[in-house]
Amino acid sequence: SPSPSPSPSPSPFSPDVPDFYVLADFFDGKPGFHHGVASGDPLSDRIMLWTRFTPVEYNDEIVIHYEIAKKMDKVQLFSNDSKIMKSGSLTVTKERDHTMKVDVTMLESGTDYIYGFKAMYMNPMTMEMETYMSKIGHTKTAPSKDTHIDELNIAMMSCANWEWGFFHSYNLAANLEKLDFYVHLGDTVYEYPPGFYNEKVEGQRGADFPLTPNRELYFLNEYRHRHALYQTDPAAQALRARAPMIVLWDDHEVVDDVQGDYACCHNEKRLTLKQRVRNGVRAFMEWMPVRENNVLTTGPYNDVDITQVIEWGDLATFVGLDTRHGNRTSSGGSGVQNVMESDFAKYVIGDLLTPKEMPFRPDFDSLIALGAQQFKATKTDPSRQMIGQSAINYLEDIFTNSTKPWQILGTGTVYQDHILPSLQNPEFLATLNPQVGGLLQAAVNFMADPATNPGGGIFNGTTAAYVVHIVNEAEKYGIPFSDDAWPGYQHERSKINEIIKNNDGNVVVLSGDSHDTWVFDIIDDDGNFTGGVNFCTSSISSPGLRFSMPVPLHSLLPLFSQGFLSAQDGYRIAEDAFMQANEKFGLKYYGMMDSGFMAVRFTHTEVHADIVLINDKPYSGVPFTDSAGTMNYSSFPNGLAPSYCPKAFTKKVGKNQQLEEAKCRTDLFNNDNYNKNVYKKDFLYNFPHYVPTTTALETTTATGCECNIMKGMRPIM
């Protein structure tokens with residue numbers, strides 16, 4: 001008798017499939033493990049393993065088998081080898097987006113493993129039972145707490161924005177010679193609609209590989225789809241398969257500046273914030289190899305918590321805290337993001353002014369003084385919390401009981417105070433060549449005058465003049481650049497500073513979020529060195545201040561200098577201004593030029609951090625544009641993007657040991673064990689860029705991105 005006809009496959013455009021659900025149609029009709037493999041949260045006896053199987057039909061249920069074996073045993077997985085350490089199976093369904101996450105237990109401590117997945121799948125298109133194998137992943141368990149360990153090598157990174165360039169830093173980190181685990185400090189995906197970062201600069205890949213879904217994320221399958229898109233990136237897959245990850249969320253996994261019952265870019269008419277947060281959190285937990293628990297969470301939106309404690313032999317204790325969804329209180333709806341959008345700006349401007357309408361007020365500087373006074377009272381308010389007292393007690397207990405040389409704290413945002421510098425500060429101008437200083441002052445005066453400021457983008461000249469005044473005055477009053485970061489939560493941070501002091505200053509705080517590179521000695525609110533240090537990594541691809549300075553030196557200075565100063569000079573002057581303004585806060589290095597990550601090594605005597613940045617013209621002063629954003633570098637040696645190390649820093653063990661400059665390591669990437677050439681000319685599947693069905697479309701007519709006090713002024717971090 002003839003074979004039965006295959007049942008028709010629901011297309012992703014069909015009403016039978018929820019909007020944006022990723023099926024085999026997105027991969028030329030081919031089912032399989034299209035999103036790679038990952039591992040995470042390594043403990044001494046267990047590890048989280050992750051994968052996703054993309055089926056043909058939405059309702060398909062697939063049994064996935066996993067195996068894990070010691071790397072040294074050179075086992076071929078799924079070959080009935082007796083040396084397989086652990087194996088098992090789970091059924092994946094639409095309930096968890098066909099992802100699989102398993103906590104593999106009873107493993108040996110401090111051991112390198114390989115792992116993989118296998119699926120036997122009845123393909124409804126062919127009506128045949130087909131076998132699918134995943135890529136092989138590499139992972140390791142933590143050494144037991146009493147085991148002597150000579151060194152710990154990690155990579156730290158944050159802020160990967162699809163439209164703003166390829167994820168070259170993921171690929172570089174995957175090729176580090178030594179990598180025990182890597183820490184992703186948040187903004188693993190962005191919820192923005194296509195084009196929301198609307199500066200048209202070279203380096204964006206959105207034109208060739210469109211960002212999907214083609215809308216701002218609110219609903220569960222939209223968040224799932226965005227994660228699915230990001231995990232088609234081969235550099236992301238290479239790093240996830242290379243080593244275990246410890247991943248923390250920040251805001252963009254859900255919505256910009258979400259805190260308590262407030263978020264910057266949210267439209268309550270479209271969906272309640274509570275449900276939107278639950279959707280983003282659920283998708284994150286499905287797509288990341290994180291252990292789900294409820295250790296500390298008391299917040300209103302989620303019943304899981306990403307707090308993790310990793311003991312690495314006798315060398316280090318790592319604590320990753322939830323600084324976003326667990327216990328954070330609302331800042332009152334100010335649109336806190338940076339100086340121009342902060343509570344400070346709210347107190348100065350109120351709700352009366354809009355970018356295109358506000359008249360220039362001669363009493364504006366006195367309003368700034370009043371706003372500064374009000375804001376300082378806000379940031380020291382004991383009721384304003386980022387993590388809550390329970391988390392502080394938890395952190396203190398862990399760090400106090402740690403007898404190891406190093407205690408490491410992972411947190412989503414910059415920890416140490418940092419302010420936006422005034423470019424009219426006489427002390428700073430005195431450090432410049434008189435001709436350069438005069439040109440700079442003329443340029444800033446030009447921008448500060450509403451009669452001459454040309455405006456640009458969403459700003460008319462009057463609005464831009466207000467922004468310049470706010471920036472210039474913020475340094476005088478010590479207003480932090482971002483009050484969404486730890487400087488806006490001074491009361492809680494002072495308690496953590498006491499923990500750092502009591503631990504003999506051997507605390508290293510790892511931070512992301514700002515898209516620029518910062519290296520600090522941690523100074524308390526009285527100006528005293530705590531003994532701790534704060535490493536803040538640049539972004540994987542997201543644009544930093546180099547693309548969004550309120551006084552755009554890279555375009556202003558050439559205009560005023562008539563060729564005497566270049567755009568690159570503008571960046572260098574700005575970096576110098578940041579250094580001088582923030583020296584009192586312990587700043588040792590600031591860089592706005594390029595994206596990248598940090599490679600950090602801990603030993604029993606010191607911690608050493610290399611800043612790794614992407615640029616095929618290192619030290620030229622030219623920030624990356626087309627070369628690092630859209631080139632795949634397949635013709636470069638090993639296919640790795642060109643990188644450089646502008647500075648490295650080290651801190652010795654000891655309470656009074658401050659950061660010192662060190663030599664950059666030259667052997668970071670001497671690794672021949674991993675696939676280096678991950679970016680091919682046609683490396684990405686081009687996800688369909690389509691309009692959702694009627695049900696979803698009816699809810700998408702209003703944007704939620706109406707976020708801050710300067711109505712329509714778009715945040716960047």
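Fair warning: this is a prediction, and the values are worked out from it, not measured in the lab. These values consider heavy atoms only, across backbone and side chains, with no hydrogens, waters or symmetry-generated copies.
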Check whether any side-chain heavy atom of [X] lies under 4.5 Å from a side-chain heavy atom of [Y], and answer yes or no.
| X | Y | answer |
| --- | --- | --- |
| L107 | K86 | yes |
| M245 | R240 | yes |
| T54 | R52 | yes |
| V63 | S89 | yes |
| F20 | P213 | yes |
| V104 | M85 | no |
| E61 | V92 | no |
| W162 | L229 | yes |

Under 3.5 Å, is there a donor-acceptor pair between the [X] and [Y] side chains?
| X | Y | value |
| --- | --- | --- |
| H266 | E268 | yes |
| Y21 | D97 | yes |
| H225 | T212 | yes |
| S595 | S539 | yes |

Open item on the list: Taking the ring centre of each residue, are Y66 and Y115 less than 6.0 Å apart?
Closed with: no
- [ ] Taking the six-membered ring for Trp and the single ring otherwise, decide whether the centroids of Y230 and F167 are under 6.0 Å apart.
- [x]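 Distance test on ring centres: under 6.0 Å, yes.
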TODO: Just do the side chain to side chain contact (heavy atoms under 4.5 Å, CB included) check on F284 and V247 with the steps written out, would you?
DONE: CA-CA 10 Å; F284 178 93; V247 58; 3.9 Å; yes
Rounded to the nearest 0.5 Å, what separates atom [atom1] in [X] from atom [atom2] in [Y]?
| X | Y | atom1 | atom2 | value |
| --- | --- | --- | --- | --- |
| N221 | L217 | CG | CG | 11.0 Å |
| I614 | S643 | CD1 | OG | 5.5 Å |
| M157 | L172 | CE | CG | 9.5 Å |
| D322 | Q308 | CG | CD | 11.0 Å |
| L248 | T411 | CG | OG1 | 7.5 Å |
| H184 | I540 | NE2 | CD1 | 5.5 Å |

- [ ] Applying ring pair (Phe, Tyr, Trp, His ring centres under 6.0 Å), run through Y190 and H252 and close with a yes or a no.
- [x] CA-CA 5 Å; Y190 278 73; H252 287 291; 4.3 Å; yes
TODO: Please indicate whether Q76 has more than 12 foreign heavy atoms, meaning atoms of other residues, nucleotides or ligands, lying under 6.0 Å from its CD.
DONE: no
Task: CE (M129) with more than 12 external heavy atoms under 6.0 Å - done: yes
Has [X] got a side-chain atom pairing as donor or acceptor with [Y]'s backbone, closer than 3.5 angstrom?
| X | Y | value |
| --- | --- | --- |
| S542 | C159 | yes |
| R46 | T105 | no |
| D251 | D257 | yes |
| Y218 | N267 | yes |
| D73 | A69 | no |
| E253 | T188 | yes |
| K101 | M285 | yes |
| Y121 | I64 | no |
| Q231 | A228 | no |
| T51 | G36 | yes |

Task: Residue pairs passing the salt bridge (Lys or Arg N to Asp or Glu O under 4.0 Å) test where at least one lies in residues 111-138, sequence neighbours excluded - done: D112-K140
Take the angle between the ring planes of [X] and [Y] and call it parallel below 30°, perpendicular above 60°, tilted in between.
| X | Y | result |
| --- | --- | --- |
| F27 | H34 | parallel |
| F318 | F181 | perpendicular |
| H168 | F166 | perpendicular |
| W287 | H227 | parallel |

Using 4.0 Å as the upper bound for N to carboxylate O, is an ion pair formed by [Y] and [X]?
| X | Y | result |
| --- | --- | --- |
| R224 | E286 | yes |
| D484 | R324 | yes |
| R226 | E191 | no |
| R276 | E216 | yes |

Taking all non-hydrogen atoms of both residues into account, name the closest pair between [X] and [Y] and its distance.
| X | Y | result |
| --- | --- | --- |
| I47 | D41 | CD1-C, 4.3 Å |
| I136 | G116 | CD1-CA, 4.5 Å |
| G596 | S169 | CA-OG, 3.2 Å |
| P31 | N123 | CG-ND2, 3.8 Å |
| Q237 | T232 | NE2-CA, 3.8 Å |
| V75 | I84 | CG1-CD1, 3.5 Å |

Task: Verdict with supporting geometry, I246 and I310, side chain to side chain contact (heavy atoms under 4.5 Å, CB included) - done: CA-CA 9 Å; I246 299 172; I310 311 294; 3.6 Å; yes
Task: Candidates F78, F53, F33 - the one meeting ring-ring contact (aromatic ring centres under 6.0 Å, His included) with Y132 - done: F53
- [ ] Let me know which of T323, L185, D250 forms a side chain to side chain contact (heavy atoms under 4.5 Å, CB included) with D513.
- [x]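 For D513, the side chain to side chain contact (heavy atoms under 4.5 Å, CB included) test succeeds with only one of T323, L185, D250, which is D250.
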TODO: Starting from the C-alpha separation in whole Å, work towards a yes-or-no answer on side chain to side chain contact (heavy atoms under 4.5 Å, CB included) for Q275 and R278.
DONE: CA-CA 5 Å; Q275 188 56 54; R278 286 189 176 277; 4.0 Å; yes
TODO: Evaluate the salt bridge (Lys or Arg N to Asp or Glu O under 4.0 Å) criterion for residues E292 and R282: first the C-alpha distance (whole Å), next the side-chain angles of each, then the deciding distance (0.1 Å), finally the verdict.
DONE: CA-CA 11 Å; E292 301 181 22; R282 177 173 173 178; over 6 Å; no
Task: Pairing residues for D103 by the salt bridge (Lys or Arg N to Asp or Glu O under 4.0 Å) criterion, not counting sequence neighbours - done: R291
TODO: Please assess F597 against L613 for the test side chain to side chain contact (heavy atoms under 4.5 Å, CB included), listing each intermediate value before the final yes or no.
DONE: CA-CA 7 Å; F597 68 100; L613 302 176; over 6 Å; no
